[in-house]
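By convention in this document, chain letters (A, B, ...) are assigned in the order of the sequence lines, proteins followed by strands, and residues within each chain are numbered from 1.
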Amino acid sequence: MGYYFKTEQMSVGYQGKPLIHDIEIGLHKGEILTLIGPNGAGKSTILKSIAKQLKLIHGVVYLDKEELNHMSGLELSQKMAVVFTEKIKTELMTCEDVVSTGRYPYTGHFGILSKEDHDAVREAMELVHVTEIRHQDFTKISDGQRQRVMLARAICQEPEIIILDEPTSFLDVKYKLEFISVLQELQIKKGLTVIMSLHELELAKIVSDKILCIKEGYVERCGTPEEIFESDFIKRLFHINEDCFEGNEKLLAYIGRLGRYEE
Amino acid sequence: MLCCQGKGKIKCTIFSVWNKKKGDVITMQKKRKYRYIIAFIFLGIGVVIFLALNICIGSVRITLSDILGTMTGQETNETISRILWDIRLPRTLAVIILGGALSLAGYLLQTFFYNPIAGPFVLGISSGAKMVVALVMVFLMGRAIRITSADMIAAAFVGAMLSMGFVLLLSRRVKGMSMLVVSGVMIGYICSAITELVVTFADDADIVNLHNWSQGSFSGMTWNHVKVMAIVVIVTLIVVFLLSKPLSAYQLGEVYAQNMGVNIRFLRICLVILSSILSACIVAFAGPISFVGIATPHLVKKLLGTAKPLLMIPACFLGGSVFCLFCDLLARTILAPTELSISTVTAIFGAPVVLWVMATHRKERVV
């Protein structure tokens, strides 16, 4: 069976210099892929390249059997939504205004929202629970709220695939879990394909169909959560040599040994 | 007119009462819509009132009945109809067109650079246009060749693009909005210095002409000028208005604009060319005018309560017209019969606005 999203020998990087080589990803419709790896490993670089923000150094990306480079901006925007870590700059825009910019690919020449557009905006806001803050100025809400507004914006874009760069970094526990449930709901109801990067390994383990582990410069491993989380692999990925994942005492001991602070 | 505004207010209150039953979503949208309508009515009334004042007030007073009389052809006072048709009316129309263009150019540059204190004057674009126009004027006048309005605009456009090119090169190197503006001001100084040099070496007869114009002034407008500038500015205004949707995406930052399918390269090129055409047109006819381009978009934004290009573009144009009509009226009347340079007046009212913007923007993303 053909993959919905596929990369072939993809190399990504900046200014023609490859940072990560030979990335092979294959995703069926409705699967969730999570990128994990240490800071600076190149997770964002991969996501940006997939979203066409960065030029590929080498290789091809296929979306629904069509080459990404051959798709027009409008075509792609109706299929793919993104949430990146860059803060957006807004001026006198309420959260609702920000969410409604997600309808851009569907509005007419002057970008005036129709009734259907308003409905889609409202639905998306209800889904991620930002309806209460919809009239607040986007610059005056917390980072976590902003992250949820941006997610609502991506959802009302009605994409088939969504690219998320650290979507949970500012969320508290409750919203982290809610975020996972929203993703699963969209996955089941609408067959949404998701590619995202996460720092929370526990979340990655629960939500992902596939996990891609990136170490500095190469893809260390790709597989199902069960394959990735077996044995000592995670520790090697993050350069942790000790058994800090087994109980609080060992974790504290590990932190103690890391610390340069001596009493 | 006043009655109109009153009606709007009454309607508004009726609406909000009615809406309490209908839920809060509708109220917010309608509230905004009414704010927009009232803002546009306000700007429209402003243009009409100042249009009338600018025509009536001057060394020779013209009453409204005189205007009506001349229009219907009953009034036979030769002097008054001459002043009205040959001096006041073309000048006032020019102020409306160029004031709007100036404000719109400022708005486009602010959007382009993501910089709230950008404008054609501070970025040195007006000065660049001025320099090339001065060079061309001196060169052609020395050979007794007559210059048409179109030539002036073309020369100013070349100058504007030249400065814009430098600013663009610098904008890649310097980070932060204040540094960009400082670079623009420096470019402006260089261009002004060259202009001064040229003017100093020009023939006596030309100097008077050049000197007046290089200070910025709306005087000496003819119907021919008005015709040419109206065509250029209105066409540009329409093109800008058609770009309002991609502009709204561009406002969110390039990352998201690209994801929304905006061709960023194309849009940026359009913005550079359109803002240069507008700046060039202003400089060609009225010389460099300071602060209107930076200040009015902010005032209009506050009035509308939104930064949506779809509304901002026409509102900015009207706002610039009102602001310039007001300033030109003062420039002509304060020290009559001597006329102040228009930039003197615009700076008095515009510069505080810029300071206010800088002070309030500090909290947000300003480096």
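The line from CG of A:L92 to CG of B:L304 is 9.5 Å long, rounded to the nearest 0.5 Å. Once rounded to the nearest 0.5 Å, the distance linking OG1 of A:T101 with OH of B:Y256 reads 9.5 Å. Atom-to-atom distance recorded for B:L310:CG and A:H109:NE2 is 10.0 Å, nearest 0.5 angstrom. In this structure, A:I88 CD1 and B:E254 CD are separated by 14.0 Å, a value rounded to the nearest 0.5 Å. Remark: B:L252 CG to A:F138 CZ distance equals 8.5 Å, nearest 0.5 Å.
Panel note: side chain B:K245, backbone A:T107; a donor-acceptor pair is recorded below 3.5 Å. Not one N or O on the side chain of B:N259 forms a donor-acceptor pair closer than 3.5 Å with the backbone of A:A51.
Summarising the geometry of B:P246 relative to A:Y104, their closest heavy-atom pair is CA-OH, 3.3 Å, with the distance given to 0.1 Å. The two residues B:A307 and A:E91 come nearest to each other via the heavy atoms CB-O, 3.7 Å. Between A:S77 and B:G261, the shortest heavy-atom contact is CB-N, 3.9 Å. Between A:F110 and B:S244, the shortest heavy-atom distance links the atoms CD2-OG, 3.9 Å.
Neither the backbone nor the side chain of A:I163 has a heavy atom closer than 4.5 Å to any heavy atom of chain B. Heavy-atom distances place both the backbone and the side chain of B:L242 under 4.5 Å from chain A. In this structure, no portion of B:P309 lies under 4.5 Å from any heavy atom of chain A.
The residue among A:Q78, A:H118, A:M71 with the most heavy atom pairs within less than 4.5 Å of chain B is A:H118.
Residues of residues 154-161 of chain A placed with any heavy atom under 4.5 Å of a heavy atom in chain B are listed by number as A:Q157.
A 4.5 Å side-chain heavy-atom check between A:L76 and B:M260 finds every atom pair outside the cut-off. Residues A:V82 and B:Q258 fail the side-chain proximity criterion, which asks for heavy atoms closer than 4.5 Å.
Open room surrounds CZ on B:F166; 12 or fewer heavy atoms of other groups in view lie less than 6.0 Å from it.
Evaluation of the side chain to side chain donor-acceptor pair (under 3.5 Å) test over residues 48-71 of chain A, restricted to residues two or more places apart or in two chains, returns A:K48-A:E86.
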